[in-house]
Amino acid sequence: MAVRNSSSSRPRPRRATAPARGLEPPALAGLNPEQLAAVTAPLGPVLVLAGAGSGKTRVLTLRIAHLVASGAPPDSILAVTFTNKAATEMRERLARVLGPDAAARTVVGTFHAFCLRVLREHGAALGLPAFTLCDAADQLAAARAVLRDLRVPEQHVAPAQLQARISLGKNRLQRAEDQDDDLLRRGWLAYDEHLRRNRQLDFDDLLLAALRLLEERPAVRRALQARYRHVLVDEYQDTNRPQYEIVRRLAEKHHSLFVVGDDDQAIYGWRGADVTRILGFAQDFKGATTVRLQTNYRSTAGILEAANRLIACNVGRHEKTLRTALGDGDSPKVVPQADEETEAAFVAQDIAARLAAGARPAEFAVLLRTAVQTRPFETALRAAQVPYRLVGGPSFYDRKEVRDVLAYLRLLVDPDDEAALLRIANTPPRGLGKASLDRLVADATAAGRPVAESFDRAASVEGVTPVAAEAASGLRATLRTLGARAAAATDLVALVRETLNAVDYRAEIERCPTPEERAARIAGVNEVLNVAENLQRRGATSLRELLDRLTLKEQDDRTAEAPGERVLLMTLHAAKGLEWPRVYLVGCEETLLPHQKSIDTDTVPEVRRLMYVGITRAQRQLTMTFAATRSRYGSRSPTLPSRFLYEATGQAPPPQWRPAPATGEGRGRRGKKPPAQRSASG
DNA sequence: AACATCGCTATTTTT
DNA sequence: TAGCGATGTT
């Protein structure tokens, strides 16, 4: 991707310190004393409080190298991250430091990938012999089915909302039975039952099942503790309860636990991450060493000053103050604008002017609070002829054809997979329409058997047309044949091709009305083949493994692909871990940043951290903007500058922050206190 | 099965 | 305002 991560490209701290015993001098040379202390901390629990831009990935990598140099076998090392991207980067860096062979023996992956690995190996001990992964779309489908079965009008509870609440509950290690909310309790129980019937685990279940294994199966626990003697965790502030418990169990035998994180960058509380884990590390793990990395190699002094000021407004944190290793640089700028259109136009023109002066597009990022803010920016950037790319949005894996192909493959591994079967039952059209399909599902539900079995006996199910019955049983026969072949397949890519031919997926593509759409679908299918080939090269040997890795999106290159020279446009959440020379932090208004929802739910400190993350993305230019009026939900209302602007600059709002809006409304507030909240939603 | 229309809602999102 | 899903129309 266009953005390089952390310390790879920035000046190294100058002073070399004495090399630690066991690790080659060149590796440790160039670490500053804080980093060196972290890397060479005594074996045992270590908490590294890594401020933004302080070189944490480097420390993590060198710690592993240090362990290996001190005699730890590489395969005794487990490093967990939150995203595939972080895992990939860690693997690459490890290969450079340890050499490819030793690096390949370490286990580096996301929490979910690690848990899946453990479950595939030891799941039988829990009576979990075979399962497929339930991805986001399946989760939603399950929630929808549950609401339908409970006969709850969807107007009252959106499937997505039920799913989110179940997920949050699981991520807080709560139990369905204990939920006070009647609908949530019943919905959650039914959801779990739905998944169980389909032998699926959702992403959250992966963590929970792995934890159960560790807690309830001592033999497995001992085996895992012996295998993974050294545990390292990245982004520790983002761990949720199940993840924390897994780590604790793994490390409780040997106490070699090295966690790196920054409580000031904890921005995922709303999905179950629990900052108290990083705050309480020293109490949780006796004899822990704590190291603070406060030297920042990313941003100039003025930017860090704003960041430090802002975050100091939060209480109950591990206090840290970032010091720049670079020069003074320019102060961050605050630019008021009349409305979201002029805000976007200002940013686009400012970027265009700097491009004209020699800057490159990839030096810039525009960071927003919400996805709906993107539109005016897209329009303005296009008008100013600035090349940009919107990061985020739907993934490659959300595309219809990709999901279709994956559904077929899942059926080869598990012919009873209901979600997959229903998805492709009439894709391409085989005369198995909605009415007949409903009958088959009803028949299965009534008889308490898998829908797949009703497909087999479709001819005797009442209300199913002969054509549909023939289609249903024919489909099953085709899948059986393919499944038998899949079990023995060595060339996975060939198997995928063969499957698509056998089910005539081409017919589905031909249904697209426009040639462009057809081409896009074909490209999507080809991309699946590419990814499959890639994964096969990287060691996927069975169709099941291929599917696992596809579902965990190990190859999602939405951000990795097509770097190019483009200004990036993304949400603040998506910007975490990235950096650019020039950053625009837009929409800095009360009720947007912080969002009204955050104000209502008393989670402003978390948004302050989000703002902090945004500020600390900037290397040498930071421009914060706000609009005096903003159109939301179809009506325009006056806004107030974000309290974070006052906090970061330490100033009362200067007069120039009070632009006279065209309407004459929305006079800025003077005074040094954060402005009173006003609802902008009308 | 494809398309129009109504009514409702409206942060952040990885695996 | 716009996008989604459910419902109604062709």
Side-chain angles (χ1 to χ4, degrees), chain A residues 80-87 109-116 133-140 144 147-148 153-161 163-164 167-168 170-171 201-207 210 235 238-240 242-243 266-273 340 367-376 391-395 397-398 426 429 431 433-435 511 513 548-556 558-559 570-577 587 591-601 603-604 606-607 609-611 613-614 630-636 680-682:
Chain A
V80 280
T81 63
F82 280 83
T83 64
N84 287 309
K85 192 164 159 247
T110 63
F111 265 106
H112 293 87
F114 170 68
C115 290
L116 180 61
L133 285 179
C134 173
D135 67 15
D138 294 334
Q139 286 180 295
L140 212 53
R144 195 171 285 128
L147 288 171
R148 198 185 49 224
E154 291 191 6
Q155 289 87 339
H156 285 221
V157 184
Q161 200 198 343
Q163 190 275 321
S167 179
L168 189 60
K170 289 182 178 182
N171 283 324
L201 294 189
D202 68 18
F203 293 121
D204 308 316
D205 292 337
L206 285 178
L207 303 176
E235 306 275 21
D238 287 337
T239 39
N240 59 31
Q243 289 163 337
I267 56 174
Y268 286 111
W270 51 273
R271 61 182 203 209
E340 66 278 3
L367 307 183
L368 331 110
R369 175 64 184 86
T370 70
V372 289
Q373 287 169 262
T374 51
R375 200 163 330 198
V391 177
S395 148
Y397 293 92
D398 297 328
N426 202 31
K434 185 170 178 341
R511 292 175 65 230
D548 280 349
R549 295 169 77 159
L550 284 168
T551 309
L552 290 176
K553 304 189 178 185
E554 285 191 22
Q555 286 286 291
D556 194 351
R558 261 190 307 165
T559 44
M570 68 177 86
T571 64
L572 283 163
H573 283 89
K576 185 156 150 216
T591 76
L592 184 59
L593 183 62
H595 198 277
Q596 185 61 46
K597 279 248 160 70
S598 310
I599 297 170
D600 293 343
T601 55
T603 52
V604 171
E606 177 156 304
V607 198
R609 296 193 287 266
L610 186 61
M611 179 90 178
V613 165
R630 184 172 294 269
S631 171
R632 291 228 263 172
Y633 313 138
S635 73
R636 177 166 299 283
S681 52

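Given the structure is predicted, the values throughout are model-derived calculations rather than measurements. Labels below follow one simple rule: chain letters A, B, ... track the order of the sequence lines, proteins then strands, and each chain is numbered from 1.
For His595(A) and dT13(B), the NE2 to P distance is 12 Å, given to the nearest whole Å. In this structure, the CG atom of Leu572(A) is 11 Å from the P atom of dT12(B), given to the nearest Å. One can place NZ of Lys576(A) at 12 Å from C1' of dT13(B), the figure rounded to the nearest angstrom. Taking atom CZ of residue Phe203(A) and atom C1' of nucleotide dT14(B), one finds them 8 Å apart after rounding to whole Å. Rounded to whole Å, atom P of dT12(B) lies 16 Å from atom CG of Asp600(A). In this entry the distance linking CD of Glu554(A) with P of dT14(B) reads 16 Å, nearest Å. Rounded to a whole Å, the CG atom of Asp138(A) is 17 Å from the P atom of dT15(B). Computed from coordinates, the Arg632(A) CZ to dG3(C) P distance equals 17 Å when rounded to whole Å.
In this model, no donor atom of one side chain and acceptor atom of the other lie less than 3.5 Å apart for Arg630(A) and Thr591(A).
Residues His573(A) and Ile267(A) form a side-chain contact, since some pair of their non-hydrogen atoms from C-beta on lies under 4.5 Å apart. In this structure, Arg144(A) and Leu140(A) have side chains that are in contact, with non-hydrogen atoms separated by less than 4.5 Å.
With the nearest nucleotide of DNA chain B identified for both Gln139(A) and Arg511(A), Arg511(A) has the one nearer the 5' end. Of the two residues contacting DNA chain B, namely Asn426(A) and His573(A), the nearest-nucleotide position lying further toward the 5' end is that of Asn426(A).
A stacked arrangement is not assigned to Tyr633(A) and the six-membered base ring of dT9(B), the conditions of a centre distance below 5.5 Å and an interplanar angle below 30° not being jointly met.
Between Asn84(A) and the phosphate of dT15(B), there is a side-chain N or O to OP1/OP2 separation shorter than 4.0 Å. An OP1 or OP2 oxygen of dG3(C) is reached within less than 4.0 angstrom by a side-chain nitrogen or oxygen of Arg375(A). Side-chain N/O atoms of Arg144(A) include none lying less than 4.0 angstrom from OP1 or OP2 on dC4(C). Phosphate proximity of dT13(B) to Thr571(A): present, with a side-chain N or O under 4.0 Å from OP1 or OP2.
Arg609(A) comes within contact range of no nucleotide atom at all, as no heavy-atom separation falls under 4.0 Å. Ala371(A) comes within 4.0 angstrom of sugar-phosphate atoms only, judged by non-hydrogen atoms across all strands, and of no base.
Although no hydrogens or angles enter the test, the distance criterion places a donor-acceptor pair under 3.5 Å between the side chain of Arg609(A) and the main chain of Ala266(A). When atom types are taken as modelled, the side chain of Gln243(A) and the backbone of Phe111(A) share no donor-acceptor pair closer than 3.5 angstrom.
Spacing of C1' atoms, dG5(C) relative to dT12(B), comes out at 23 Å, to the nearest Å.
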